[in-house]
Asker: 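First the structure, then my questions, so here it is.
Note that this is a predicted model, so its numbers are computed, not measured.
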Amino acid sequence: MGQTITEKIFSQHANKEVKAGDIVRVDIDMIIGNDITTPISIKAFNESGAESLARPDNFCIVMDHYIPAKDIASANQAKISREFAYKHNLKNYFDEKDMGIEHALLPEKGLVIPGDVIIGADSHTCTHGALGAFATGMGSTDLAFGMITGGNWFKVPETIKVELSGKPAQHIYGKDIILELIRLIGVDGALYQAIEFSGDTIQYLNMADRFSICNMVIEAGAKNGIIAVDDITKEYLKERAEVNSGLRDEPIYHYADEDASYSQVIKIDVANLSPVIAYPFLPSNGKSMEEAVKDDLKIDQVMIGSCTNGRIEDLRIASEIMKGKKVAKHTRMIVTPATQKILLQAQEEGLLKILIEAGAVVSNPTCGACLGGYMGILGDNERCVATTNRNFVGRMGSRTSEIYLANSAVAAASAIAGKLVDPRD
């Protein structure tokens, strides 16, 4: 029996052939910490008696959740990570001077490589599977073990194969594909399983779409999401190498065998897919755009950004729709570019001018609004259309507020209309 992509990555790292269900200890290629979770890892690291990182160049800290600090508590929390980074002279430390949301910033910096095993103390670490890497979220103490030893233990997951067919129609993006999958299998439909995306649709998906898809597999309970490297991936890596004077390491490409074993195969006809809206209070509570429009839902706030949809492509989509128009009188709009580089690029392309003149507030790169941390907190009974990844009770503020997850085109059109509308109209 052949192997899946995930099985091949673990086999290469374990120096032996492994199958789903095997327990392996392997070296970690990149360990990712952030300002919320890293202090716990640092505490465990210090309590262990460790004096140095096992693989310092394979560890990074990205300050992205409460940066700049919103209060004394978040300032002191950030201080712990800063002092650790300075003490160990971390090569890969990203703070206010070079900031970004971790799962957008690391690929941009050329630090995520096909064939990698990556862990992060953040559930959306699975984003990096878009580059043909195994990437998963783990707890802060698991992160500390990796910091101390350079490796960690894994149970090789079974794999669900998702076959995508057809060319996406206008205003259908990676966000709609992943929301449709989560709608089909539920928030626990892929518990501790890898989700491997394949099919002829992949050739039509840019890297932004692929990052969005892999980012949200955790909302179906998956261990990781992964897409095989193709020419689009290679071109992205080439650009990253040119900008960063090389990649962190040499890519290793893995492809599933034709006779690989899958726990199940799910087929999605993308050609006939409508924009998908995830209603409160679960990402699996998906409805088609046609159904959603009938509900005539007034919207108080729109948020475009996050590690799911804060890339330059999202800002271009929103700007194209909003050019020459205005955000509705009773609606607020927040736009959060995922990195400083994206923010600058949006400025150079004139996108920020369009968005600001339309009435949007453009912020620095941050996870703040997405997790209800700061900036954009929802009040009682308010509704928000967001390009983020979670719409749980109280996720962005008041427990009586509601979040509707959607793609960037839906979000932009809804900001103009002041209610949930179809961008295709």
Side-chain angles (χ1 to χ4, degrees), residues 5-6 8-9 12-13 27-33 55-62 64 85 89-95 97-120 124-136 150 174 197 202-215 224-255 307-316 337-349 365:
I5 301 175
T6 297
K8 287 193 173 184
I9 291 174
Q12 188 260 322
H13 279 71
D27 286 342
I28 307 298
D29 297 295
M30 184 54 69
I31 298 173
I32 309 168
R55 305 179 73 193
D57 289 351
N58 297 71
F59 175 62
C60 74
I61 298 177
V62 183
D64 61 2
N89 195 26
L90 278 189
K91 175 183 176 182
N92 297 314
Y93 171 63
F94 305 101
D95 205 339
K97 297 181 184 68
D98 190 9
M99 70 191 312
I101 298 172
E102 57 195 304
H103 308 311
L105 186 67
L106 264 65
E108 183 180 282
K109 295 290 186 183
L111 295 175
V112 176
I113 308 299
D116 276 355
V117 169
I118 298 170
I119 65 170
H124 292 105
T125 303
C126 48
T127 306
H128 307 296
L131 287 169
F134 172 87
T136 195
F197 295 91
I202 300 295
Q203 66 185 306
Y204 302 114
L205 302 179
N206 59 31
M207 287 308 304
D209 286 320
R210 300 177 192 203
F211 284 127
S212 294
I213 289 172
C214 289
N215 174 274
N224 67 298
I226 200 159
I227 299 174
V229 172
D230 61 7
D231 289 342
I232 292 172
T233 324
K234 290 176 181 176
E235 182 59 30
Y236 177 87
L237 291 167
K238 181 182 175 183
E239 291 172 0
R240 301 278 60 78
E242 291 172 353
V243 170
N244 298 296
S245 300
L247 300 172
R248 195 201 77 247
D249 205 347
E250 285 298 315
I252 299 175
Y253 306 138
H254 295 285
Y255 301 93
C307 60
T308 316
N309 285 104
R311 295 177 173 81
I312 191 67
E313 290 84 354
D314 297 290
L315 304 191
R316 288 170 180 159
T339 69
Q340 294 283 52
K341 181 181 174 61
I342 293 170
L343 193 155
L344 286 172
Q345 187 174 352
Q347 180 178 321
E348 291 166 1
E349 293 183 15

Asker: Under the 3.5 angstrom rule, does the side chain of Asn244 hit a backbone N or O of Arg240 as a donor-acceptor pair?
Answerer: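 Pair found, side chain donor or acceptor close to backbone of Arg240.
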Asker: Are any non-hydrogen side-chain atoms of Cys60 and Leu106 less than 4.5 angstrom apart?
Answerer: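 Side chain of Cys60 against side chain of Leu106, heavy atoms only: contact under 4.5 Å found.
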Asker: Counting heavy atoms not belonging to Glu250, are there more than 12 under 6.0 Å from its CD?
Answerer: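 No, the 6.0 Å shell around CD holds no more than 12 heavy atoms from other groups.
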Asker: Do NZ/NE/NH1/NH2 and the carboxylate oxygens of Glu108 and Lys341 come within less than 4.0 Å?
Answerer: no
Asker: Which value, rounded to the nearest 0.5 Å, describes the distance between Thr127 atom OG1 and Ile213 atom CD1?
Answerer: 12.0 Å
Asker: As an exercise, state the distance from NE2 of His254 to CD1 of Ile5, rounded to the nearest 0.5 Å.
Answerer: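 So the NE2 of His254 and the CD1 of Ile5 are separated by 9.5 Å.
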Asker: Count the heavy atoms of every other residue, nucleotide or ligand shown that sit under 6.0 Å from NZ of Lys234, and state whether that count exceeds 12.
Answerer: yes
Asker: Using side-chain contact (heavy atoms from CB on, under 4.5 Å), reason through Phe211 and Leu131 one step at a time and then give a plain yes or no.
Answerer: CA-CA 8 Å; Phe211 284 127; Leu131 287 169; 4.1 Å; yes
Asker: Is there side-chain contact between Gln340 and Pro365, with heavy atoms separated by less than 4.5 Å?
Answerer: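 Side chain of Gln340 against side chain of Pro365, heavy atoms only: contact under 4.5 Å found.
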Asker: So do the side chains of Asp231 and Gln203 get within less than 4.5 Å of each other, counting heavy atoms only?
Answerer: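 The answer is no, as the side chains (C-beta and beyond) never meet within the 4.5 Å cut-off.
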Asker: Between Lys8 (side chain) and Tyr255 (backbone), is there a donor-acceptor pair under 3.5 Å?
Answerer: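 Between the backbone of Tyr255 and the side chain of Lys8 there is a qualifying donor-acceptor contact (under 3.5 Å).
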Asker: Can any side-chain N or O of Asp230 pair as donor or acceptor with the backbone N or O of Thr233 at less than 3.5 Å?
Answerer: yes
Asker: Quick check against the 3.5 Å criterion: does Asp209 have a side-chain atom that pairs as donor or acceptor with the backbone of Gly174?
Answerer: yes
Asker: Of all residues at least two apart in sequence or in a different chain, which pass the side-chain hydrogen bond (donor to acceptor under 3.5 Å, both in side chains) check with Glu239?
Answerer: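 Not a single residue meets the side-chain hydrogen bond (donor to acceptor under 3.5 Å, both in side chains) criterion with Glu239.
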Asker: If you take all heavy atoms of Cys126 and Cys214, which pair is closest and at what distance?
Answerer: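 Answer, listing the atom of Cys126 first, then Cys214: SG-O, 3.4 Å.
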Asker: Rounded to the nearest 0.5 Å, how far apart are CZ of Phe59 and CD1 of Ile28?
Answerer: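 The CZ atom of Phe59 sits 12.5 Å away from the CD1 atom of Ile28.
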Asker: Looking at every non-hydrogen atom in both residues, tell me the closest pair between Gly129 and Ala135 and how far apart they are.
Answerer: N-CB, 4.2 Å
Asker: Do Asp29 and Ile113 come within less than 4.5 Å of each other through their side chains, counting heavy atoms only?
Answerer: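 No; the side chains remain at least 4.5 Å from each other.
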Asker: Of all the heavy-atom pairs spanning Met207 and Ala130, show the shortest one and how long it is.
Answerer: CE-O, 3.6 Å
Asker: Side chains of Ile119 and Thr136: closer than 4.5 Å at any heavy-atom pair?
Answerer: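 Yes, close enough: below the 4.5 Å cut-off.
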Asker: What's the shortest heavy-atom distance between Ile342 and Pro337, and which atoms?
Answerer: CG2-CB, 4.1 Å
Asker: Can you see which heavy atom on Ala104 is nearest to which on Arg311, and at what distance?
Answerer: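 Shortest heavy-atom separation between Ala104 and Arg311 comes out as CA-NH2, 3.8 Å.
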Asker: Return the minimal non-hydrogen interatomic distance between Ile101 and Cys307, and the atom names on each side.
Answerer: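 The pair with the smallest heavy-atom distance is CG2-CB, 3.6 Å.
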Asker: Roughly how far, to the nearest 0.5 Å, is the OG1 atom of Thr125 from the NE2 atom of His103?
Answerer: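 Those atoms lie 4.0 Å apart.
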Asker: With the side chain counted from C-beta on, respond yes when Ile226 and Ile9 share a heavy-atom pair under 4.5 Å apart, and no when they do not.
Answerer: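 Yes. Closest side-chain heavy atoms under 4.5 Å.
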Asker: Check whether any side-chain heavy atom of Leu315 lies under 4.5 Å from a side-chain heavy atom of Glu349, and answer yes or no.
Answerer: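 Side-chain contact under 4.5 Å: no.
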Asker: Drop me the distance from Asn92's CG to Ile32's CD1, to the nearest 0.5 angstrom.
Answerer: 10.0 Å
Asker: So, does Asp64 use its side chain to make a donor-acceptor pair with the main chain of Glu102 at under 3.5 Å?
Answerer: yes
Asker: Does the side chain of Leu111 reach to within under 4.5 Å of the side chain of Phe94, using non-hydrogen atoms?
Answerer: yes
Asker: Rounded to the nearest 0.5 Å, how far does CE of Met30 lie from NE2 of His128?
Answerer: 9.5 Å
